[in-house]
Every structure is written in structure tokens, then in C-alpha cells.
There are 2 protein chains.
Amino acid sequence: MPRKRVTLADVARRAGLSTTAASMILNGRPDTRLSKEAHERVHAAAAELGYRPNVAARGLRTAKTLTIGFVSDTVTTTRFAGGLIKGALEAAEEARHVVLVAETGGEPEREAEAIAALLDRQVDGIVFATVRARELFVPALPEGVPAVMLNATSSRFPATVLPDEEPGGRAAVRLLVDAGHFEGIALIGQSDTAERDVFRSRTIARRVAGIRGEMADKGLGFVAEESIWMWEPQHGYDATLDLLRRRTDVRALLCMNDRLAFGAYQAAAELGLRVPDDLSVVSFDDDEVAAYLRPGLTTIGLPHEAMGRRAVELLLGREPAGEELTPMPVVERASIGPPRGR
Amino acid sequence: MPRKRVTLADVARRAGLSTTAASMILNGRPDTRLSKEAHERVHAAAAELGYRPNVAARGLRTAKTLTIGFVSDTVTTTRFAGGLIKGALEAAEEARHVVLVAETGGEPEREAEAIAALLDRQVDGIVFATVRARELFVPALPEGVPAVMLNATSSRFPATVLPDEEPGGRAAVRLLVDAGHFEGIALIGQSDTAERDVFRSRTIARRVAGIRGEMADKGLGFVAEESIWMWEPQHGYDATLDLLRRRTDVRALLCMNDRLAFGAYQAAAELGLRVPDDLSVVSFDDDEVAAYLRPGLTTIGLPHEAMGRRAVELLLGREPAGEELTPMPVVERASIGPPRGR
DNA sequence: TGTCGGCGCTAAAACCTTTTAGCACGACGG
DNA sequence: CCGTCGTGCTAAAAGGTTTTAGCGCCGACA
């Protein structure tokens with residue numbers, strides 16, 4: 001609506017004071033000794049004119065822009081880890097910050113370009129996120145620009161927010177055991193390659209460690225392990241169909257993610273097996289599709305939103321942070337039942 | 001890495017010229033008459049020092065920040081229209097702009113606050129997006145700040161990018177007809193309420209008009225219409241199950257979105273019906289789950305990414321724009337077959 | 001008597017850039 | 001020889017804010 005932005009000088013003029021005085025008053029500087037009356041005049045003038053400080057101009061002087069950068073490979077533009085940005089946006093909003101978003105597709109040149117672009121705009125800090133918890137090679141940032149890794153790791157920046165996968169893995173196993181499954185449990189999606197592959201994901205190794213640890217603690221073993229490289233429904237379908245045809249003693253599936261479980265459901269249906277009567281299923285992520293399935297899929301959720309929040313809290317707070325693990329919620333739906341013969 | 005940012009003054013000093021000269025040369029001002037040699041010295045100095053202009057400072061002078069705002073209800077943080085931001089981000093990157101993202105959850109106060117925050121940062125323009133093509137009540141913006149509506153409409157801003165729903169609706173019907181379906185077609189999800197409800201969606205009405213128009217042109221009618229208010233898988237399941245139990249003459253389903261179709265698949269499976277042998281299905285959106293289903297769901301896609309791109313092109317271009325309709329692609333998978341008795 | 005600090009405020013510098021106005025000098029036309 | 005113009009460049013202003021340094025006066029303290 002307003003033709004022209006109202007500036008601090010306008011406020012000062014109307015209050016009959018200098019811009020300095022207006023600035024001090026509006027910023028509530030504690031050591032100032034301006035009169036009560038001056039305070040009132042300035043505040044009144046600011047209110048009447050609808051004054052809003054020009055953050056860009058302020059940033060020039062103070063080197064603080066109340067703006068943070070969020071750079072990721074594809075967090076914003078794919079649906080798999082959208083919770084990360086959601087949490088980050090919320091936390092930023094609460095802290096009266098605003099976020100500049102850049103996507104790099106995982107390409108180093110685009111990443112470098114994005115970082116430079118953010119720095120040119122004087123961001124107060126940057127969070128680096130990845131969709132599948134990779135190690136990231138982040139270039140050094142100018143002094144005074146903090147960074148935190150979100151669902152990612154970097155040797156350069158110690159501040160890191162990750163899902164707490166080890167207990168998550170244990171919880172999944174426990175869910176099955178608590179329902180009475182002591183045998184006939186198959187693992188879908190684990191692959192030794194993935195376990196070793198740093199590039200794929202830092203966290204999957206921990207998830208697997210948790211799973212194996214809990215199984216060992218209970219004195220149990222898997223009746224089968226299907227190694228799969230890619231974790232889309234198609235792969236889950238293929239592997240599960242193959243498995244269930246080969247062996248009839250499988251009573252429960254521990255899937256490495258919900259999309260695999262999605263495919264597993266399809267394979268089970270194909271063979272006339274009902275979940276959870278004939279086959280129990282548990283998995284990881286709490287992907288949106290987990291709720292679409294019937295019966296609803298019980299899964300160990302990736303706490304993306306909480307992680308996103310935490311990352312910007314860390315970024316904006318001043319405590320020097322290390323690796324922080326966010327607990328994974330177990331979200332119980334209806335895909336686990338007591339074992340039954342078939 | 002660099003301790004301190006290198007400034008234009010540094011470059012000028014090293015080149016032995018004034019900052020004015022350096023500025024002119026680096027910005028390639030055409031009317032200048034600085035010597036060839038000066039050009040070389042300045043460029044050399046800039047390269048050696050790794051100079052990058054401070055966009056914030058420049059913006060102060062030029063009132064251009066190479067930054068645009070993207071404010072939506074929940075486009076970024078839900079998975080339904082993520083393509084919008086993806087396209088916007090890409091187009092912005094190509095134009096060397098960067099985007100400030102804000103989510104309002106559809107709450108007017110948060111929206112007002114978000115707009116103010118963006119304006120405080122001197123954005124060059126704002127795109128307003130919604131996830132379900134609503135009418136939006138956008139407050140006036142200061143003169144010189146353009147806005148475009150993306151998958152949304154506003155009486156205040158004529159520039160609008162929407163999916164071209166009418167032909168989309170027609171295409172869906174044609175897909176069925178071309179496969180030989182002339183009878184036994186049921187419509188899932190249409191509700192007269194929705195058709196009239198401005199708040200729900202501007203575009204759905206056009207989709208329905210396209211569907212009805214094409215049916216009429218072919219001289220066909222629906223064998224049944226299931227009115228549904230909410231379009232989640234659960235609702236599609238319930239409605240379809242009910243419908244298929246009631247009537248045995250249904251051979252094809254035209255679902256208003258992919259999630260309804262998702263539920264329809266489940267209902268069909270429940271009744272032992274195979275897609276597409278016993279039942280053909282076509283729907284709208286090209287949601288990610290459409291590819292997960294087996295057989296793959298044939299659907300009329302929402303061209304979110306193209307729309308997002310277009311919106312920022314419009315915003316950055318100077319052509320005064322009106323309503324722009326982006327064509328909806330038909331993505332053929334395997335859910336449509338010839339009709340067969342059951 | 002001299003110094004110091006408090007008071008209430010402001011001028012000016014600083015942040016970094018772009019833009020405007022103009023300077024000194026030589027060439028050129030008349 | 002005078003005025004004008006072109007050349008190659010620079011000083012200064014402008015953009016909007018915060019911060020630093022200080023002004024002029026008075027009372028208190030040594």
C-alpha cells in the first residue's frame with residue numbers, strides 16, 4: 001500500500017529528535033539515558049508511520065541479517081525428507097529469522113555457487129542437509145558464519161543432527177518379539193554393501209547395528225536376509241515375492257524402509273497372504289504411504305521435523321555443539337500380529 | 001576460508017583506481033570511457049582477491065536484491081505440491097536469484113508477518129502459492145514489488161499460473177473411451193458441494209467441467225457418481241468398496257485424484273477384482289504413489305514443476321501477465337485395459 | 001580551584017555499493 | 001586565441017541503519 005517505505009529518519013523527524021536517538025530508543029539499548037518523554041515520542045511516531053526497520057541496511061552495519069541459509073541436495077524438492085525443512089522453517093520463524101533455500105541436487109559446483117550466493121547475502125548461518133544422511137564435503141566458510149549439518153555429516157563442522165538409529169533398530173526388533181515372534185523373521189533390504197558404504201548413509205549402519213544387536217541380545221537370528229540395493233516398492237515387491245515363494249516359514253518381515261514394506265504388502269497380497277494374520281510387517285521411516293496402506297503399517301519414524309527444528313536452534317544458539325541424536329518414535333499401526341502357521 | 005570479506009575498495013586500491021572506476025568496470029557499464037588498461041587491472045585485481053560484490057550493500061543502493069520471496073500455505077512442507085517449489089527454485093537459480101521461503105499454514109496473521117519479513121529484506125518480488133489452488137486474500141504490496149499467484153488466485157494480482165484443468169478432464173475421459181469403455185464408467189470423488197465451493201479449489205470446477213463436457217460430447221453418461229468430501233485413500237476405499245458391492249456393471253473408475261485411486265485399488269483387491277482386467281482406473285495428479293501402485297496408475301498429471309518455473313519467469317520478466325494455463329500431461333501406465341464382463 | 005562524571009542528546013563515521021557531478025587536460029573548430 | 005568537446009578518471013552523495021565520539025552544562029568531590 002505505502003508509496004514509499006518509511007525510514008528511521010522519518011520517524012526521528014516526526015519525533016523531533018536525531019536518528020541516533022530514535023535508533024537507540026527503538027532498539028531498546030539499555031545504557032542509554034534518553035528521557036522518558038523522548039521514548040514516548042519516538043514510539044508514537046514509529047507506530048503512527050508504521051515504521052519497519054530496513055533489515056538490509058541494518059545488516060550492512062551490524063553484519064546480522066536475521067536470515068539463515070538452508071542448502072540441501074534435494075530435501076526441499078523431493079518428498080522424502082520434507083520434515084527437515086518444515087521443522088527448520090518453524091524454528092526460524094519463532095526466532096524471527098527467515099530462510100533462504102537453495103538446492104544443489106548434490107552437484108558440487110551448484111553447491112559452491114549456492115553457498116557463495118548465500119554468503120553474498122550475508123546470511124547469519126547455514127544448515128546443510130541431505131535426504132539420505134550422507135557425508136558432505138563442505139568448503140570452509142568465512143569466519144563467523146556458523147554451520148550445522150542436518151541429517152548429514154561433515155568432517156569440517158562438528159555440529160550435527162542425526163536420527164538416533166541404533167535404538168530405533170532395536171525398537172523394531174522388540175516390536176516383533178513382544179508380539180511373540182521368535183522365529184521366522186526375515187530382513188528385507190539389508191545389504192552388506194550398504195552396511196559398508198559410507199557414501200550411502202552414515203546412519204543406516206547404525207540402524208543395522210541396532211537390529212543385529214537386539215536380535216543377538218534376544219538370542220534370535222533371521223530366517224532369511226534379502227539384500228537389496230535400491231529401496232523402492234518395486235524392489236521390495238520382487239524380493240518379498242521371491243522370498244515367500246522359496247520359504248513358507250516366514251512369519252514376519254523387518255523392512256529397511258516403508259517403500260520396501262509397501263512392495264512387500266503387494267507381494268503378500270499377490271500370494272493371498274494377509275497382513276498381519278499371515279505375515280507381520282514392521283519397517284522404518286514413517287513415510288506418508290505407511291498410513292495409506294491397509295492395514296496401517298507399523299514403523300519406526302524418522303523424526304525429520306524435530307531434527308529440522310533442532311538444527312536451527314543449534315545454529316542460532318551459541319552453545320558449541322557436537323553430534324546430536326534425535327530419538328525415533330515408534331508409530332504403531334496395525335501391521336503386527338501374533339505369529340500363526342500358514 | 002577468507003578471514004575477511006574483500007570489498008570493492010580493496011579491489012580498487014590494488015588496481016590503483018577509485019572505487020567508482022572499479023564499480024563501473026566490474027558492472028560493465030556501456031557508456032564508460034575507462035581505458036582498456038584500467039579494465040584489465042581491475043579485473044585482474046578482482047580475480048586475484050576473489051572479490052564478490054556484497055549484494056546487501058548493492059541492494060541498498062539499487063533497491064534490487066536478486067532475491068525473491070516464496071510464500072505458501074504448506075507447499076514446501078507437505079508433499080503434495082512440492083514440484084511448485086522445485087520449479088521455482090530452478091528458474092530462480094538460472095536467473096541468478098535466490099529464494100526466501102516462508103510458510104503460513106494458511107493463517108492470515110502468519111501470512112502478514114511473513115510478507116512483512118520478506119519486504120523488510122527488500123525482496124524483488126513475491127510468488128504466492130497454495131497447495132490446492134485456492135483464492136487467496138493477499139494484502140497490497142508496496143509499489144514496485146510485483147507478485148504472481150502460483151496455483152492460487154487473487155483478485156488483487158492478475159498474474160496467475162494454474163494447471164489447465166479443462167483439457168485435462170477431457171483427456172481422462174478420452175483415455176477410457178479410446179480403450180473401448182462406453183458404459184460402466186463411474187466417477188469417484190466428485191461432489192456437487194465441491195463443485196460449487198470456491199474455497200476448496202478454483203481449478204476442480206474446471207476439471208469437472210472438462211470431464212462432463214467430454215462425456216457429453218461422446219454421448220456418454222456415468223453409471224454412478226460417488227460424492228466424497230475428502231480425497232484420501234481411506235475415503236476412496238470406502239466409496240469404491242460400497243459402489244462395487246452395490247453394482248456389478250462398473251468397468252471403469254474415473255477418480256478425482258490419485259489418493260482416491262489408491263483406495264480404489266485396495267477395494268478392488270479386497271473383492272478379488274484385478275486392475276485393469278476387471279476394472280480400469282484413471283485419475284488425476286500423478287502423485288508419487290501412482291508409480292508405486294501395481295499395475296502402475298494411469299493419471300493426468302499436475303504439472304507442478306513447470307508451473308513453478310513459469311511463475312518465477314513471469315515474476316522476473318517484465319511482461320504484464322494474466323492467467324496462464326499450464327498443460328496437464330497424460331502419463332500412461334498400466335491401469336487401463338479393454339472392458340470385460342465380470 | 002580544578003577535575004570528573006552525569007545528563008540528554010547529536011554529528012559524524014562506518015558498513016559497501018552505485019550514481020551523479022565534475023575536474024584537469026589536451027585537441028579541435030572557428 | 002578562445003570556446004567547446006572528448007578523455008580518463010575521481011570526489012562526493014546517496015541508500016538506511018548502528019556505533020562512536022563528543023558537546024555544553026552542571027553538580028560533586030578532592
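Chain letters run A, B, ... following the sequence lines, proteins first, then strands; residues in each count from 1.
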Pairing of A:Arg79 and A:Glu288 as salt bridge, 4.0 angstrom limit: no
Side chain A:Glu103, main chain A:Thr77, donor-acceptor under 3.5 Å: yes
For atom CG of A:Leu66 and atom C1' of D:dT18, their distance in whole Å: 14 Å
d(CZ, B:Arg13; P, D:dT10) in whole Å: 14 Å
Spacing between B:Ile25 atom CD1 and D:dG8 atom P, to the nearest angstrom: 12 Å
SB check A:Glu305 A:Arg309 (cutoff 4.0 Å): no
Rounded distance (Å) that lies between atom C1' of C:dC15 and atom NZ of A:Lys64: 14 Å
End-to-end axis angle, where each axis spans five pairs of the helix from C:dT1-D:dA30 to C:dG30-D:dC1, to 10°: 70°
Salt-bridge contact A:Asp73-A:Arg134 (side-chain N to carboxylate O under 4.0 Å): yes
Basic-acidic side-chain contact under 4.0 Å: A:Glu37, A:Arg41: yes
Sugar-phosphate, base or nothing in reach of B:Ala38, heavy atoms under 4.0 Å: sugar-phosphate
Flag for B:Gln122-B:Thr65: side-chain donor and acceptor within less than 3.5 Å: no
Modelled atom types, side-chain donor and acceptor of B:Thr67 and B:Arg121, under 3.5 Å: no
Output one line per pair: protein atom, nucleotide atom from nucleotides 16-22 of chain C, and distance, for all N/O pairs under 3.5 Å.
{"residue": "C:dT17", "atom": "OP1", "partner": "B:Tyr51", "partner atom": "OH", "Å": "2.7"}
{"residue": "C:dT17", "atom": "OP1", "partner": "B:Asn54", "partner atom": "N", "Å": "3.2"}
{"residue": "C:dT17", "atom": "OP2", "partner": "B:Thr7", "partner atom": "OG1", "Å": "2.7"}
{"residue": "C:dT17", "atom": "OP2", "partner": "B:Leu8", "partner atom": "N", "Å": "2.3"}
{"residue": "C:dT18", "atom": "OP1", "partner": "B:Asn27", "partner atom": "ND2", "Å": "3.0"}
{"residue": "C:dT18", "atom": "OP1", "partner": "B:Arg58", "partner atom": "NE", "Å": "3.0"}
{"residue": "C:dT18", "atom": "OP1", "partner": "B:Arg58", "partner atom": "NH2", "Å": "3.2"}
{"residue": "C:dT18", "atom": "OP2", "partner": "B:Ser23", "partner atom": "OG", "Å": "2.8"}
{"residue": "C:dT18", "atom": "OP2", "partner": "B:Asn27", "partner atom": "ND2", "Å": "3.4"}
{"residue": "C:dT18", "atom": "O2", "partner": "B:Arg61", "partner atom": "NH1", "Å": "2.9"}
{"residue": "C:dT19", "atom": "O4'", "partner": "B:Arg61", "partner atom": "NH1", "Å": "2.9"}
{"residue": "C:dT19", "atom": "O4", "partner": "B:Thr20", "partner atom": "OG1", "Å": "3.1"}

Check ion pair B:Asp10-B:Arg5 (N to O, under 4.0 angstrom): no
Interatomic distance where CG belongs to B:Asp120 and C1' belongs to D:dT17 [whole Å]: 13 Å
